[in-house]
Amino acid sequence: MDFQMMRVQSLSEGGIAEVPAQYIQPPEERPPISDDLTVIDNSDEDNVPMIDVFGFDSEQRDTVCKLIGDACAQWGAFHITNHGVPVELLDQIRGVGLSFFKDCPVKDKLKYACDPNSPASQGYGSKMLRPEAEAEAETSTVLDWRDYFDHHTLPLSRRDPSRWPHFPSNYRQVVAHYSDELKLVAQKLLGLISESLGLPTSCIEDAVGEFYQNITISYYPACPQPHLTLGLQSHSDMGAITLLIQDHVGGLQILKDSRWITVHPQSHSILVILADQMEIITNGKYRSAQHRAITNSSSPRLSVATFHDPAKTVKISPAFELTRNSSPPKYREVKYGDYVSSWYTKGPKGKRNIDALLINC
């Protein structure tokens, strides 16, 4: 059986007792052995901050920016409430995604399969790196225990709903609506993050430019040996800012102070994750969040990640306002397209891609 060509969901639902070798993580990357890896063993006080980002009046703006700044510096992530996205839409995007994976026949899902020879191609897939990139990778590539559907949603010139699932019937409408709503949230957040650094409101958004937005719905099937696998290996996101929602199962972890912290699922909040270009623009004052997804043996899990990235032609460098006087640039300028190519060639592996841009002072 060619396990690399099979979808993870088919492996899981086929009743295998042992994980194929391609999915077994090296010992140093494996999660701790537990009967239920979704059990949350950290307290509310030791979890990602929750911030009411848009439900404040003008007098509270400085306070909110201070909270955001602290969360960006300490975690590289925070949950937001009062974000303006209808809670019904959050439920709908999770609902249509789950229905596609659970209710759509495999033969129909495969009609939307990704191009296996192109990284980050739109569609239904399991493997992230293209074969030639895997051959060039510095270490052997272990497969993630997940299936996904990636949608190219912005700019509108990239949006082609005919390439998205036709099942359930409202799938395409929900994804398009969700895309538009999340763009507005991302723009507002970049403004608040800029202000938290004492920068003009438009500074970070101007540096990023027009959003190139992708929405990835990830499905993590139950795994017979969760202590050997990862749903998504340790990495930081490539772009500027990621907005993520989970279902009730949980499994996302963020690395903080050398500890993996399980992020509590919050059904009607949105998790903000800073990505690598944000770290460069802020000259390291705010760090991109290193994160991963663990699996469990009893329940499948679903998440929806909305990535907001620069165009591949955009050059990213530390903001001028943050590199004056005693704070020289800590990162080399990079063209975003080159950064993406490097990321897909080397593979994610923690934060090695962003760390490669550090200037040795």
Side-chain angles (χ1 to χ4, degrees), residues 47-58 60-87 89-90 93 153-155 177-216 236-246 252 254 263 266 268-289 291 303-311 314 316 318-319 321-322 336:
N47 208 254
V48 177
M50 181 79 70
I51 303 175
D52 181 344
V53 285
F54 305 137
F56 58 85
D57 57 36
S58 58
Q60 298 171 309
R61 192 176 186 92
D62 288 346
T63 300
V64 171
C65 286
K66 174 65 165 56
L67 291 172
I68 289 175
D70 290 345
C72 288
Q74 296 170 20
W75 288 86
F78 53 96
H79 276 117
I80 58 172
T81 60
N82 274 324
H83 40 66
V85 181
V87 296
L89 183 58
L90 300 180
I93 190 77
T153 46
L154 291 175
H177 187 191
Y178 190 76
S179 164
D180 296 339
E181 292 285 341
L182 270 288
K183 175 188 175 182
L184 298 177
V185 174
Q187 288 174 319
K188 292 177 182 177
L189 284 168
L190 292 193
L192 291 171
I193 293 171
S194 289
E195 291 179 33
S196 75
L197 289 162
L199 300 172
T201 304
S202 64
C203 182
I204 295 178
E205 185 175 356
D206 289 344
V208 173
E210 182 178 25
F211 283 145
Y212 275 64
Q213 183 198 71
N214 281 30
I215 296 176
T216 301
S236 55
D237 292 340
M238 291 179 282
I241 192 169
T242 302
L243 305 179
L244 182 137
I245 59 174
Q246 305 188 71
L252 177 67
I254 288 179
V263 180
Q266 304 287 342
H268 293 150
S269 70
I270 297 173
L271 180 67
V272 180
I273 301 175
L274 301 192
D276 290 345
Q277 307 313 302
M278 184 75 77
E279 181 170 330
I280 297 172
I281 293 168
T282 65
N283 203 33
K285 292 183 181 296
Y286 296 160
R287 299 260 297 164
S288 56
H291 52 287
S303 70
V304 183
T306 306
F307 304 95
H308 297 87
D309 304 339
V314 171
I316 301 293
E321 295 89 340
L322 299 177
Y336 184 61

The side chain to side chain contact (heavy atoms under 4.5 Å, CB included) partner of His83 among Ile270, Asp52, Leu184 is Ile270
* Are a donor atom and an acceptor atom from the side chains of Thr201 and Glu195 found within less than 3.5 Å of each other? -> yes
### Query
Can you find a heavy atom in the side chain of Leu190 that is under 4.5 Å from one in the side chain of Phe211?
yes
Nearest heavy-atom contact between Tyr336 and Pro310 is CD2-O, 3.4 Å
CG (Leu244) and OG1 (Thr216) are apart, to the nearest 0.5 Å, by 10.0 Å
For Leu192 and Phe54 the tightest heavy-atom approach is CD1-CE2, 3.7 Å
Minimum side-chain heavy-atom gap Leu182-Thr153 below 4.5 Å:
no
Separation between CD1 (Ile51) and OG (Ser269), nearest 0.5 Å, reads 11.5 Å
Smallest heavy-atom separation, Leu90 atom then Ile245 atom, equals O-CD1, 3.9 Å
Note: Ile281 and Leu322 closest approach over all heavy atoms is O-CD1, 3.8 Å
Intermediate values then yes/no, side-chain contact (heavy atoms from CB on, under 4.5 Å), Val53 and Lys188 | CA-CA 9 Å; Val53 285; Lys188 292 177 182 177; over 6 Å; no
Here the gap from Leu154 atom CG to Asp180 atom CG, rounded to the nearest 0.5 Å, amounts to 6.5 Å
Could you go through Asn214 and Asp309, starting from their C-alpha distance and side-chain angles, then the distance that decides it, and tell me whether this counts as side-chain contact (heavy atoms from CB on, under 4.5 Å)? CA-CA 8 Å; Asn214 281 30; Asp309 304 339; 5.8 Å; no
Discussion item. Between Gln246 and Gln266 (side chain of the first, backbone of the second, donor and acceptor by atom type, cut-off under 3.5 Å), is there such a pair?
Written reply: no
Can you confirm whether Ile241 sits close enough to Ile193 that some side-chain heavy atom of one is under 4.5 Å from a side-chain heavy atom of the other? yes
Worked check of side-chain contact (heavy atoms from CB on, under 4.5 Å) between Leu243 and Leu189: CA-CA 10 Å; Leu243 305 179; Leu189 284 168; 3.7 Å; yes
Tyr178 and Thr306 have their tightest heavy-atom pair at CE2-OG1, 3.4 Å
Exercise for review: For the pair Glu210 (side chain) and Ala311 (backbone), establish whether a donor and an acceptor sit closer than 3.5 Å, ignoring hydrogens and angles.
Suggested key: no
For this session: May I ask you to test the Leu197-Tyr286 pair for a side-chain heavy-atom distance under 4.5 Å?
Result: yes
Worksheet item: Just by modelled atom types, is the Cys65 backbone N or O under 3.5 Å from a matching donor or acceptor in the Asp62 side chain?
Response: no
Does the pair Gln277 and Val208 meet the rule for a side-chain contact (heavy atoms from CB on, under 4.5 Å), with working shown? CA-CA 8 Å; Gln277 307 313 302; Val208 173; 5.9 Å; no
dist Asp276:CG -> Arg287:CZ (nearest 0.5 Å) comes out at 9.0 Å
When rounded to the nearest 0.5 Å, the distance separating CE of Met50 from CG of Leu271 is 9.5 Å
One should read off an interatomic distance between Thr81 OG1 and His268 NE2, to the nearest 0.5 angstrom, of 12.5 Å
Quiz item: Are the side chains of Phe307 and Met238 in touch, meaning some heavy atoms are under 4.5 Å apart?
Solution: no
Nearest heavy-atom contact between Ala240 and Met278 is O-CB, 3.5 Å
Q: Determine whether Glu181 and Pro86 make a side-chain contact, defined as any pair of heavy atoms from C-beta on separated by less than 4.5 Å.
A: yes
Do Glu205 and Ser194 pair up side chain to side chain, a donor and an acceptor below 3.5 Å, judged on atom types alone? no
